[in-house]
Amino acid sequence: MSSQLVCRPEQDLPVAVLRVSGVLDTMTGDALEHAVTRSLSAQPEALLVDVSELEVADPGALDVLSAIICRTAEWPAVPVVLCGAEPETARTIRDWPGCHALSTEENCEKALAAAERRDEPERRIRVRLRPVPDACRQVRQLVSQACAAWQVRELAATVGLVATELVANVVRHAHTTMELSLGLRDGLLYLTVRDGSRRLPRPRDPAFTDAGGRGLHLVRELTDAWGVLPVPDGKVVWTKLTTGAA
């Protein structure tokens, strides 16, 4: 008999809550990964994953759960809280390489209340843009204003250049409305651009005489990390850059 896993998103913003029930094993791991990806793609302030009704079928399934949760550490500025896990499950996941930043909570009600009580000011901007050339100018302005307000003026030129490249790629290739998000958390500046095209960007190797094709190489050189997250209605390109101050 095949296993069944139900992943029910209960809210997306400002804090995402994903309730997972059923049986987790190597067969149903993909369903959990897709659900986590969907919740992260909305770029919430935090993601709470309720596993209180989740049955872990065997020790190998713990590896599946740990790997999925830990991979989210690369996602920009989205802390993940595992709610309602059995003590042994929570301990195994926390001990997994790369999972030191994962939080656990007795239940999601407590975790949600704690997230809503955060007195740290929200340092994030979100803006929707049309795929027109002027979008690049608008983004540079937004980045400059945000960096000044967040007291990281020294990064304005670099982040503005990265943002321009990502937005220009949407204008040139995706031709869809896009959403840009810029956030500052724990000494890291995060920039994401979401568009409606499922075509994934790939760095090119342009000839010396080519006029273009170097945008993603520039993004890679100027940031600490970058990546692409496919989502059902398109993709999210994300980058992060150290500010030098926690």
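What you see below is based on every heavy atom in this structure, not just the backbone, and it leaves out hydrogens, waters and symmetry mates. Keep in mind it's a predicted model, so treat the numbers as computed, not measured.
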State, yes or no, whether a side-chain contact exists between [X] and [Y] at a heavy-atom distance under 4.5 Å.
X: V171; Y: M178; answer: yes
X: L188; Y: L184; answer: no
X: T164; Y: V162; answer: no
X: R185; Y: R123; answer: no

Could you tell me which non-hydrogen atom of [X] sits nearest to which non-hydrogen atom of [Y], and how far apart they are?
X: A156; Y: S144; result: CB-CA, 4.4 Å
X: L180; Y: L129; result: CB-CD1, 4.5 Å
X: V228; Y: W238; result: N-NE1, 4.0 Å
X: W226; Y: R220; result: NE1-CB, 3.8 Å
X: V143; Y: G160; result: CG1-N, 3.6 Å
X: E154; Y: Q151; result: OE1-O, 4.4 Å

Check: [X]/[Y] side-chain N/O donor and acceptor closer than 3.5 Å:
X: D50; Y: S52; answer: yes
X: T177; Y: R130; answer: no
X: E165; Y: N169; answer: no

Given side chain to side chain contact (heavy atoms under 4.5 Å, CB included), test S197 with K235 step by step and report yes or no. CA-CA 7 Å; S197 170; K235 64 180 174 294; 3.7 Å; yes

Please tell me whether [X] and [Y] are part of a single hydrophobic cluster in this structure, the criterion being side-chain heavy atoms less than 4.5 Å apart.
X: L241; Y: I125; value: yes
X: L54; Y: V23; value: no
X: V139; Y: V219; value: yes
X: V36; Y: M27; value: no

Keeping the roles fixed (side chain from [X], backbone from [Y]), state whether a donor-acceptor pair exists under 3.5 Å.
X: T192; Y: V237; answer: no
X: K240; Y: L191; answer: no
X: T176; Y: V170; answer: no
X: R140; Y: A135; answer: no

Side chain to side chain contact (heavy atoms under 4.5 Å, CB included), that's the test. Do L166 and T239 meet it? Break it down for me. CA-CA 10 Å; L166 297 184; T239 71; 4.1 Å; yes

How long is the gap from [atom1] on [X] to [atom2] on [Y], to the nearest 0.5 Å?
X: W150; Y: L155; atom1: CH2; atom2: CG; value: 11.5 Å
X: C136; Y: Q141; atom1: SG; atom2: CD; value: 12.5 Å
X: E105; Y: C83; atom1: CD; atom2: SG; value: 7.0 Å

Enclosure of R137 CZ (heavy-atom neighbours >12, cutoff 6.0 Å): yes

In this structure, are over 12 heavy atoms from other groups packed under 6.0 Å from Q145 atom CD?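 It does: Q145 CD has more than 12 such atoms within range.
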
Start with the C-alpha distance between L32 and L24, add both sets of side-chain angles, then the distance that settles side chain to side chain contact (heavy atoms under 4.5 Å, CB included), and finish with yes or no. CA-CA 8 Å; L32 178 58; L24 178 69; 4.1 Å; yes

Sequence neighbours excluded and cut-off under 3.5 Å, please list the side-chain donor-acceptor pairs for residues 5-15, or say none.
unit_1	atom_1	unit_2	atom_2	d
R8	NE	E10	OE2	3.4
R8	NH2	E10	OE2	3.1
E10	OE1	R19	NE	2.7
E10	OE2	R19	NE	3.0
Q11	NE2	V15	O	2.6
D12	OD1	R38	NH1	3.0
D12	OD2	R38	NH2	3.3

Between S181 and R124, is a side chain to side chain contact (heavy atoms under 4.5 Å, CB included) present by the stated rule, with each step listed? CA-CA 7 Å; S181 175; R124 184 191 296 268; 3.2 Å; yes

Are D233 and R194 within salt-bridge range, i.e. N to O under 4.0 Å?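 Here D233 pairs with R194 in a salt bridge, since their nearest N and O are under 4.0 Å apart.
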
Give me the one residue out of V80, L18, L112 that meets side chain to side chain contact (heavy atoms under 4.5 Å, CB included) with L48. L112

